[in-house]
**Student:** 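Quick one: the structure is below, questions incoming.
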Amino acid sequence: MLQRDRIPLQLIFLQVALVVTWCFTDMETGPGASVSTQPNGDRFKIEGRAIVPGIKTQDWVSTARVLVEGEEYVGFLRTDGSFAVNDVPSGSYVVEVVTPTYRFEAVRVDITTKGKMRARLVNYIKTSEVIRQPYPLQIRASGPHSYFMKRETWGWTDFLMNPMVMMMVLPLLIIVLLPKVVNTNDPEMRKEMEQSMNMLNPNPELPDVSELMTKLFSGSKGSSKAGSSSKGTRPAAKRRKQLPSSNLDAENGKFC
Amino acid sequence: MAKLILLWLKCVIFWATIEAVFEDQVGKFDWRQQYVGKVRFSHFDTHVQSSKKVLVATERNVFAALNTRTGELFWRHVDKSGSEGNIDALLQHGQDAVLMVGNGRLLRSWEISVGGLNWEVVLDSGSFQSACLVGQQDMVKHVAVLKKTAISVHYLSNGHQKWIENLPETETVDYQAVYSDGNGEVYVLGVVPHSHIAIVVYSLEDGEIIKQMSVEAPWLSNIQASCVVVGQGMLTCVDSAAMSFYMLDLRLQLQMTQVPLQAYSVNLFSAETGRRLLDTTLIDFYSVFQLYVQAFLKKDDSVGYRAMVQTEDHTLTFIQQPGRVMWTREEALSDVVTMEMVDLPLTGTQAELEGEFGKKADGLMSMVMKRLSSQLILLQAWIAHLWKLFYDARKPRSQVKNDITIENLSRDEFNLQKMMVMVTASGKLFGIDSKTGGILWRHYLDNVPPNAAFKLMVQRTTAHFPHPPQCTLLIKDKDTGLATLHVFNPIFGKKSHVTPPALPQPVLQSLMLPLMDQDYAKVLLLIDDHYKVSAFPSTKNVLQQLQEMAASIFFYLVDSSQGRLSGYRLRTDLSTEQIWEVVIPPEVQRIVSVKGKRPNEHVHSQGRVMGDRSVLYKYLNPNLLAVVTESTDLHQERSFIGILLIDGVTGRIIHEAVQRKARGPVHVVHSENWVVYEYWSTKSRRNEFSVIELYEGMELYNSTVFSSLDRPHAPQVLQQSYIFPSSISTMEATLTEKGITSRHLLIGLPSGGILSLPKMFLDPRRPEIVSEQSREENLIPYAPELLIRTEWFINYNQTVSRVRGIYTAPSGLESTCLVVAYGLDIYQTRVYPSKQFDVLKDDYDYMLISSVLFALFFATMISKRLAEVKLLNRAWR
């Protein structure tokens, strides 16, 4: 009796060994060899290795875990960076190596009911698309996680490239340079410019703020502005006449 | 055009990503505490003299190494929760620790100095009984694993099986223990209850049975509970009924020798030294659960000891020789069930000022005097504060300590510091300062049933000085439904002098009313299984108010086993009347969760401004319930989840949605006018988010007040779904004081990150084709996949294992929301969903602003002078 029980157990071990070594070469396993002792169907093992280039494995394996489909199955990393997630039934799973410091790409692993494995890129949109990945998995870290935003530092280039500054400088250049380059008196050119101005106005349905403002203030204020400007010129003229004396006063004041 | 859209999209995303942590903010207002759970097995790492490690394996399926000097973690491995990750045994040899996991399914060996895995092997199924290390001539090379029907021996170096043997007579003998004495023999001890002990000795080399024997022991029923092997193969058993003590030498087959005992206690088993320490240091502790003692020889050849004590309230205390407590860990906090944040009280001086307004006025002169005196006190406090600032400034920074104790607790300017009241599954309550994470008070409730459900409610906040704040904890036994109330002060943790009512009947539902009694305590209504309502506090004033308000008090009950959702109304005599009922056939689907809105939530804007400047009004029904159902059929083609939006007052079904080929676990957030839920799509094998938004339309029916009874128009329902590239553990929405700040969803991921996802990504109005109007509205074009950006992790690399819940609380600043994530770890931080718009950012460039100001000032001075000179020159011309 003892001997008879021993045989299937050894068979399972043989089979496990087969899965381990030849799982990718499509080995046909003996029928029913493992089903006899495992009531809840075949369980398989997802294997692979995670690599962080340039970092010793001892420094990061203790914080790493292998998550299969969220936390449904959990595996741990060996001290050499390899891992195996045991007891996974057949199906399709997203396998990811999770550490707080390094970023690893997730891989989708498909396991058939016979234990055939394949790994492919995760594509959530086209779920049936197959881009093969090596199996046993070789997962390379694509660098450390970037958790932080950079503080804005102040420099001269930032100041110059600032949109506000650009907006101030560019029109200035245009005002200064454009009349010298383009002949504004040309009627064709004028038409073209008008057209381009219309293009700039984005939404004809929306009330334009500047238009609204001009409408609001166009009545009395416009005339008063004109009045003030004319007023402004007159004292200037007056001043011009009085200037010598007043400036002398100022000079006297300063010298006293 | 496409380029333009892309550019604009980039802009939007950029704008949204600005909400992230800056590197210099690390640890400034956030903290994390890591726990392991209640210890099941523990080993001191003794193979190196100077080792500071103690290994612990816990009931939360965590295997960790603690620092014996500080109690901090060296490393920690969190396995799958549930029985599959359950740790059955922990053995240690040298650098290796061998763990039996999942009822004898996996055998793991860990390298303890690094915390990496050596090997892991799968064992055959079978109920695990015991395991031990097997040595041969002082070399330990094997591990023996005893299962119900078989024994196997594995190599310690690689986990490979050396041999496996079936046990004889498994029908009658219950094998429970395995022992090896280091001579190449493996002893398996089994018991036939109330008859004899069966001992089978195997040879280590090939698994042959060397000998089999049985010893009479009619009093023994369980070896594991009452026996232990000490010394060189001496089996020692205790018979508590006969008050005696049996010994058996396993190598010499003998009768059991009986040693009668006069009287004994638990202390007798621990070493003499251990008892002494119990007497000296553990007086005020709760009853001791487990004790791990390590004795060692000191340099001067005297015996020293270290002990780790686990008490009933899951506190882990480490004691060094002269009874000195090195550290304590509150492992109860690894299992927080529910929590609340309570505002801290005002300081004494502020309270004095407040008290001035509360008291009855007595004459003009005395009022003036009182005001003057309180102003004087304020001035005094201010001067004292200034003096302290000056005094501290002179000291080096490291010496300045800002220890928060219960005495100097006070509210800060922006109410950012609060008291976190945490309720743990073990029945221990904690009061934690949210700024530092320091535990300010703890209170152990010792009569909590093991499967209790907790509900914590704040009955009175700190706003009603001089009345103390008051919290009520409803503890309900899930089996019997019987409940008890624990009323306490959330700031000091002291039990309140208010006696809660005894609840003889099982409680079905509890609800807090916005009503207050004359002492400003909110009224708690409890509905028992006869649909009778009792109020707490139940003073005359309260009952009178209840009678007046009865017509407008409605509540609902959920019976998930029968799939029944029913609504009730309160009558004036405090009896109830059923007004609606919705039955969801339990054969087809079962109710998983029912979510209402949070009562302290504010919605600032009633509607959304559309691209054409019209307003789309939100459907803001405070009584709306989101009911989630899952199909009982779990086949991947036929499973579905359903979501029902029901008005809790009228029972009217506002909306119903069914997601085919989907299954749970479903996580739901219900807030404002939207419901966000996440599920697993079995068809495409991915997690998906779906958002439902409800709108009244372009006109508001009754803009002043919302009444469930008077809303003739059904709301417009918009829904959109997205792919989410990870499964999630829990989900919550941010909450701010006035609801002006945009909302974010806080999503706890299994990787330990907490993602802050802007709600604008989950907006059913996201257009597929960009139009002028949608651009005007700032809508992001629809993209099927939501992104997880690590910049959006609010906890950067401070991962939170097994996030169970996220608690959000508003602070005094509108921009700021306080967040606590709890699970195995506790993490507290602040988030700014719309950036810090109401305070100056901490990187605000004072230098730049002041230098620009000065520069401008000097420029005007100089130009003025120049203008003067110029004018003068012109005048002289």
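Treat the numbers as computed from the prediction; the structure is a model and nothing was measured. Throughout, protein chains are lettered first and strands after them, A, B, ... in sequence-line order, and every chain is numbered starting at 1.
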**Student:** Does Lys683(B), at its NZ atom, have more than 12 non-hydrogen atoms belonging to other residues, nucleotides or ligands within less than 6.0 Å?
**Tutor:** no
**Student:** To the nearest 0.5 Å, how far apart are OG in Ser751(B) and CZ in Arg65(A)?
**Tutor:** 9.0 Å
**Student:** Going by residue number, which parts of residues 121-130 of chain A are within reach of chain B, meaning a heavy-atom gap below 4.5 Å?
**Tutor:** Tyr124(A), Ile125(A), Thr127(A)
**Student:** Please work out whether the ring planes of Tyr147(A) and Tyr796(B) are parallel, tilted or perpendicular, with thresholds of 30° and 60°.
**Tutor:** perpendicular
**Student:** Can you measure from CD (Glu791(B)) to CE (Met149(A)) and round to the nearest 0.5 angstrom?
**Tutor:** 6.5 Å
**Student:** At a heavy-atom distance under 4.5 Å, which candidate from Gly752(B), Ser729(B), Gly115(B), Ser81(B) has the highest pair count against chain A?
**Tutor:** Gly115(B)
**Student:** Can you tell which part of Pro784(B) gets under 4.5 Å to a heavy atom of chain A, answering side chain, backbone, both or neither?
**Tutor:** side chain
**Student:** Closest approach of Phe76(A) and Leu117(B), non-hydrogen atoms and distance?
**Tutor:** O-CD2, 3.8 Å
**Student:** Give me the atom names and distance for the closest heavy-atom approach of Gly70(A) to Pro750(B).
**Tutor:** CA-CG, 4.1 Å
**Student:** If you measure from CZ on Arg76(B) to OG1 on Thr63(A), what distance do you get to the nearest 0.5 Å?
**Tutor:** 11.0 Å
**Student:** Take atom CD in Glu785(B); do more than 12 heavy atoms of anything else shown fall under 6.0 Å from it?
**Tutor:** yes
**Student:** Which heavy atom of Val78(B) sits nearest a heavy atom of Val74(A), and at what distance?
**Tutor:** O-CG1, 4.1 Å
**Student:** What option among Phe793(B), Phe724(B), Trp110(B) has the most heavy-atom pairs under 4.5 Å with chain A?
**Tutor:** Trp110(B)
**Student:** Quick check for you: to the nearest 0.5 Å, what is the distance between Leu106(B) atom CG and Asp87(A) atom CG?
**Tutor:** 6.0 Å
**Student:** Show the nearest heavy-atom pair for residues Glu120(B) and Ala84(A), with the distance to one decimal.
**Tutor:** OE2-O, 3.8 Å
**Student:** Whether the Ser727(B) and Glu69(A) side chains hold a donor-acceptor pair (N or O, under 3.5 Å, no angle test) is what I'd like checked.
**Tutor:** no
**Student:** Is Tyr73(A) close to chain B through its backbone or its side chain, or both, or neither, when contacts mean heavy atoms under 4.5 Å?
**Tutor:** both
**Student:** Arg78(A) and Trp119(B): which non-hydrogen atoms are nearest, and at how many Å?
**Tutor:** NE-CA, 4.2 Å
**Student:** Quick check: does any side chain N or O of Lys80(B) sit under 3.5 Å from a backbone N or O of Glu71(A), one acting as donor and the other as acceptor?
**Tutor:** no
**Student:** Of the backbone (N, CA, C, O) and the side chain (C-beta and beyond), which part of Asp59(A) lies under 4.5 Å from a heavy atom of chain B, both, or neither?
**Tutor:** neither
**Student:** What's the spacing between Ser62(A) OG and Glu111(B) CD if we round to 0.5 Å?
**Tutor:** 10.5 Å
**Student:** Once you round to the nearest 0.5 Å, how far does CZ of Arg103(A) lie from OG1 of Thr790(B)?
**Tutor:** 6.0 Å
**Student:** Using heavy-atom distances under 4.5 Å, tell me whether Ser684(B) contacts chain A through its side chain, its backbone, both, or neither.
**Tutor:** both
**Student:** Side chain, backbone, both or neither: which part of Gln25(B) has an atom under 4.5 Å from a heavy atom of chain A?
**Tutor:** side chain
**Student:** What's the shortest heavy-atom distance between Val61(A) and Gly116(B), and which atoms?
**Tutor:** CG2-CA, 4.3 Å
**Student:** Could you tell me which portion of Val98(A) (side chain, backbone, both or neither) has an atom closer than 4.5 angstrom to a non-hydrogen atom of chain B?
**Tutor:** side chain
